[in-house]
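Report on the following structure.
Quick note on labels: first sequence line is chain A, next is B, and so on, each numbered from 1.
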Amino acid sequence: MLDPKIIKERPEIIKDMLKARSVDFDLDGLVESDQRRRRYIIETDELRKKKNLMAREISQKKKAKEDATSILAEMKDVSVELTRLEGRQEENEKIHASLSLAIPNLVDESVPVGPDKRSNKEIKRWGCLPCFDFKIKDHIDISENLDLVDLERAAKVAGARFYYLKNDLVRLNQSLIHYALDFLSKKGYLLIQPPYMINRKAMQGAVIADDFEEAIYKIEQEDLYMIGTSEHAMAAMHSDEIIEGRDLPLRYAGVSPCFRKEAGAHGRDQKGIFRVHQFDKIEQFAFTRPEDSWQEHEMMLGIAEEFYQQLEIPHRVMLLSTGDMGKVSAKTYDIEAWMAGQNAYREIVSCSNCLDYQSRRLKIRFRDKTNEGTQYLHTLNSTLIATSRILVSIMENFQTKDGHIRIPQALQRYMGDRKEI
RNA sequence: GCAGAGGUCGCCUAGCUCGGUAGGGCGCGGGCCUUGAGAGCCUGUGUGCGCAAGCAUACGGGGGUUCAAAUCCCUCUCUCUGCGCCA
């Protein structure tokens, strides 16, 4: 949701954003419904005023034991008229709300404009790519040989894009989670394990309408949706609240499984555990003052970079272009890790500043003094680690000639000081 | 799942029996007083629309009865207490 003031006073800013994102959106419809909204508010307010005055008169007459028959009849007419007007107002509110919820976020000036990922800008690279003096395998072969994953039975039981982790890969997965939580905890983040299902109102706060169909699983017969990331549950955590200014920023480390339909991904990464319907993720989420969010954004990215440096995973940082960015984000960095088996950098982290877009949807405000007006705060989110993809990266980058997997130094103490799988 | 008690402004609370402009306290802001601070006193302190004066709106959500609902009725939801079930 965008600031209605911008819609009213500077619609050209929104027009530019829609063009940059090449999004087809009924901006005129939004502007008109917004104008109608104000008009209806003025009209109904006036009628209510009239009604209130009459109610007072009736009350006084009754107290004085006077006859109120004629004014009673008149008031009934006013009530009927008001109900009619409110009906029309409500109809317009629905149109206005659905358009308000569908419009994407503004885009920061620093974001490159372009139609798709080819316009993304590489910001930096870290680490030397691993060299091998033998023919390397991809994570599917490695995990099969070491009996670490069972994809066939997962397909039988749940379908494509599911997996059974087995043996030491279960331990490695847990070690990554444990390590990531320790890491963020040391950075001052509050650990959060959220509900894995949330209701529509909460989900709507963090997710734009299109993504509901594309990505989110719904529980039948219930007002519940499986979270696609703990971001969804953490954004909604403080909905309808007023936060004390002195408590900001709030920094949360969310740990949860993530559930995604991957509806638009047929054919891509069809095999293995790279693109799956369910994976574990540790997420950074922050609520900040508006003036602090850009600094926070860089900090979150830096934290994720440091994490992968400690894990010795070669990676590069990409600044996403308008065409590749999510609709709720004003600016997004991705980190892409080297995957030796694919001979390519692949996305492992997405780090976004959503400005006040989510907080307006969810009514999350703050203030410093209890008598001050409230302000919408800013929300930011960044992956720290989506474990399945890092399992792929570790298996492929750390594979040995004899078909085993070296364990990165930083993880060894979480694996009983073992050095290899 | 069953029964009872609750949900009122940032926090606490009155009002609900018996319908008629939602009151008080804390916190916070401003003012008076004071050398200063404190105390005391005055005043402000939700949301929406409006340039403003101001008006409207708000008692967990939705619906109903009524000229009029925090108050009466229905329904949903959450919290607490007890019972039941359960990893």
Side-chain angles (χ1 to χ4, degrees), chain A residues 1-10 30-101 193-205 219 221-225 233 236-250 257 287 289 356 359-377:
Chain A
M1 204 174 281
L2 299 177
D3 188 345
K5 230 189 246 164
I6 297 176
I7 294 167
K8 191 180 157 197
E9 289 163 16
R10 310 281 309 275
L30 179 61
V31 171
E32 281 162 25
S33 70
D34 185 59
Q35 284 166 354
R36 271 200 304 274
R37 199 177 95 87
R38 290 166 212 274
R39 243 189 5 250
Y40 277 131
I41 287 170
I42 291 168
E43 280 178 40
T44 50
D45 276 6
E46 263 166 28
L47 204 55
R48 286 203 189 99
K49 182 181 173 184
K50 190 171 166 192
K51 192 178 152 187
N52 287 343
L53 289 172
M54 292 169 87
R56 265 171 244 181
E57 205 178 327
I58 290 167
S59 176
Q60 274 165 14
K61 285 204 174 185
K62 292 232 166 177
K63 262 184 209 154
K65 304 244 161 69
E66 289 172 28
D67 177 48
T69 322
S70 70
I71 192 159
L72 277 175
E74 198 185 334
M75 177 130 165
K76 188 155 197 169
D77 290 345
V78 171
S79 286
V80 169
E81 169 67 12
L82 184 59
T83 307
R84 205 176 55 83
L85 196 59
E86 280 171 340
R88 286 202 308 213
Q89 183 181 17
E90 201 180 320
E91 218 171 286
N92 185 62
E93 284 294 328
K94 274 186 201 152
I95 295 167
H96 182 254
S98 79
L99 286 167
S100 295
L101 286 172
Q193 192 169 346
Y196 301 160
M197 294 177 246
I198 61 179
N199 63 34
R200 176 152 196 118
K201 196 174 167 221
M203 190 63 95
Q204 214 164 241
I219 306 295
Q221 319 271 341
E222 307 267 352
D223 178 25
L224 285 173
Y225 298 79
M237 198 171 161
H238 292 295
S239 57
D240 296 313
E241 289 184 25
I242 298 170
I243 310 279
E244 299 275 0
R246 63 167 180 272
D247 292 337
L248 295 176
L250 293 174
F287 300 87
R289 295 172 164 278
D356 60 3
S359 70
R360 280 181 189 280
R361 289 171 158 242
L362 289 160
K363 283 210 187 64
I364 314 172
R365 293 158 298 169
F366 77 95
R367 66 177 165 202
D368 294 305
K369 303 271 172 63
T370 50
N371 70 316
E372 273 179 359
T374 57
Q375 270 188 81
Y376 288 105
L377 43 71

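With sequence neighbours excluded, no residue forms a side chain to side chain donor-acceptor pair (under 3.5 Å) with A:Q375. Partners of A:D3 according to the salt bridge (Lys or Arg N to Asp or Glu O under 4.0 Å) rule, which considers only residues two or more places apart in sequence or in another chain, are A:R360. For the side chain to side chain donor-acceptor pair (under 3.5 Å) test, no residue two or more places apart in sequence or in another chain qualifies with A:N52. Among residues two or more places apart in sequence or in another chain, the side chain to side chain contact (heavy atoms under 4.5 Å, CB included) test is passed with A:R10 by A:I6, A:E12, A:I13. Partners of A:R39 under the side chain to side chain donor-acceptor pair (under 3.5 Å) rule, at least two apart in sequence or in another chain, do not exist in this structure. In this structure, A:R365 has no side chain to side chain donor-acceptor pair (under 3.5 Å) partners at least two apart in sequence or on a different chain.
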Inset, instruction - Might you work through the side chain to side chain contact (heavy atoms under 4.5 Å, CB included) test for A:I41 and A:R37, ending with a clear yes or no? - result: CA-CA 6 Å; A:I41 287 170; A:R37 199 177 95 87; 4.2 Å; yes
Legend entry - Residues A:M197, A:E222; criterion side chain to side chain contact (heavy atoms under 4.5 Å, CB included); working and verdict: CA-CA 10 Å; A:M197 294 177 246; A:E222 307 267 352; over 6 Å; no
Inset, instruction - Please report the C-alpha distance between A:K51 and A:L47 in whole Å, then the side-chain angles of each, then the deciding distance to 0.1 Å, and finally whether the side chain to side chain contact (heavy atoms under 4.5 Å, CB included) criterion is met. - result: CA-CA 6 Å; A:K51 192 178 152 187; A:L47 204 55; over 6 Å; no
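Summarising the geometry of A:L30 relative to A:L99, their closest heavy-atom pair is N-CD1, 3.6 Å, with the distance given to 0.1 Å. The shortest non-hydrogen separation linking A:A202 to A:L362 is O-CD2, 4.0 Å.
For A:K8, a side-chain nitrogen or oxygen approaches OP1 or OP2 of B:G50 to under 4.0 Å.
The closest side-chain heavy-atom distance from A:R246 to A:D368 is not below 4.5 Å.
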Inset, instruction - Going 5' to 3' through nucleotides 55-70 of chain B, assign each nucleotide B (protein heavy atom under 4.0 Å from a base atom), S (under 4.0 Å only from sugar-phosphate atoms) or - (no protein heavy atom that close). - result: SSS---------BS--
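Here the separation of B:G54 from B:G63, taken at their C1' atoms, is 33 Å to the nearest Å. Taking the P atom of each, B:G27 and B:A39 are spaced 8 Å apart, rounded to whole Å. Using C1' as the reference atom, B:G15 and B:G24 are 11 Å apart when rounded to the nearest Å. Atom P of B:G31 sits at a distance of 45 Å from the matching atom of B:U79, rounded to the whole Å. Spacing between B:C26 and B:U21 at atom P, rounded to whole Å, works out to 26 Å. When the C1' atom is compared between B:A5 and B:C16, the two are found 15 Å apart, to the nearest whole Å. Taking the P atoms as reference points, B:U17 lies 42 Å from B:G30, given to the whole Å. Rounded to whole Å, the P atom of B:G20 lies 16 Å from the corresponding atom of B:C59.
A straight line from CG of A:D240 to P of B:G46 spans 18 Å, rounded to a whole angstrom. Distance CG (A:D223) to P (B:U75): 21 Å, rounded to an integer number of Å. In this structure, the CD atom of A:Q89 is 11 Å from the C1' atom of B:C49, given to the nearest Å. Atom CE of A:M54 is separated from atom C1' of B:U21 by 16 Å (rounded to the nearest Å). With rounding to whole Å, A:E222 atom CD is found 14 Å from B:U77 atom C1'. Between the C1' atom of B:U77 and the CG atom of A:N199 lies a distance of 11 Å, rounded to the nearest Å. For the pair A:K5 NZ and B:C49 C1', the interatomic distance rounds to 13 Å; values are reported in whole Å.
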Protein-nucleotides 10-15 of chain B N/O pairs closer than 3.5 Å?
| residue | atom | partner | partner atom | Å |
| --- | --- | --- | --- | --- |
| B:G10 | O4' | A:R367 | NH2 | 2.9 |

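Near RNA chain B, defined here as any heavy-atom distance below 4.0 Å, the residues from residues 31-39 of chain A are A:R37, A:R38, listed numerically.
Between A:D45 and A:K49, no side-chain nitrogen of the basic residue sits less than 4.0 Å from a carboxylate oxygen of the acidic one, so the salt-bridge criterion is not met.
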Could you pull out every donor-acceptor pair under 3.5 Å between side chains of residues 236-245 of chain A and any protein atom, sequence neighbours left out?
| residue | atom | partner | partner atom | Å |
| --- | --- | --- | --- | --- |
| A:H238 | ND1 | A:E241 | OE1 | 2.9 |
| A:H238 | NE2 | A:Y252 | OH | 2.7 |
| A:S239 | OG | A:A236 | O | 2.9 |

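Counting only Watson-Crick and G-U wobble pairs whose two key distances fall under 3.5 Å, RNA chain B forms stems of three or more stacked pairs at B:1-7 with B:77-83, B:10-13 with B:23-26, B:27-32 with B:40-45, B:46-49 with B:54-57, B:60-64 with B:72-76.
Sorted by first then second residue, the salt bridge (Lys or Arg N to Asp or Glu O under 4.0 Å) pairs that include residues 76-89 of chain A, not counting sequence neighbours, are A:R48-A:E86, A:E81-A:R84.
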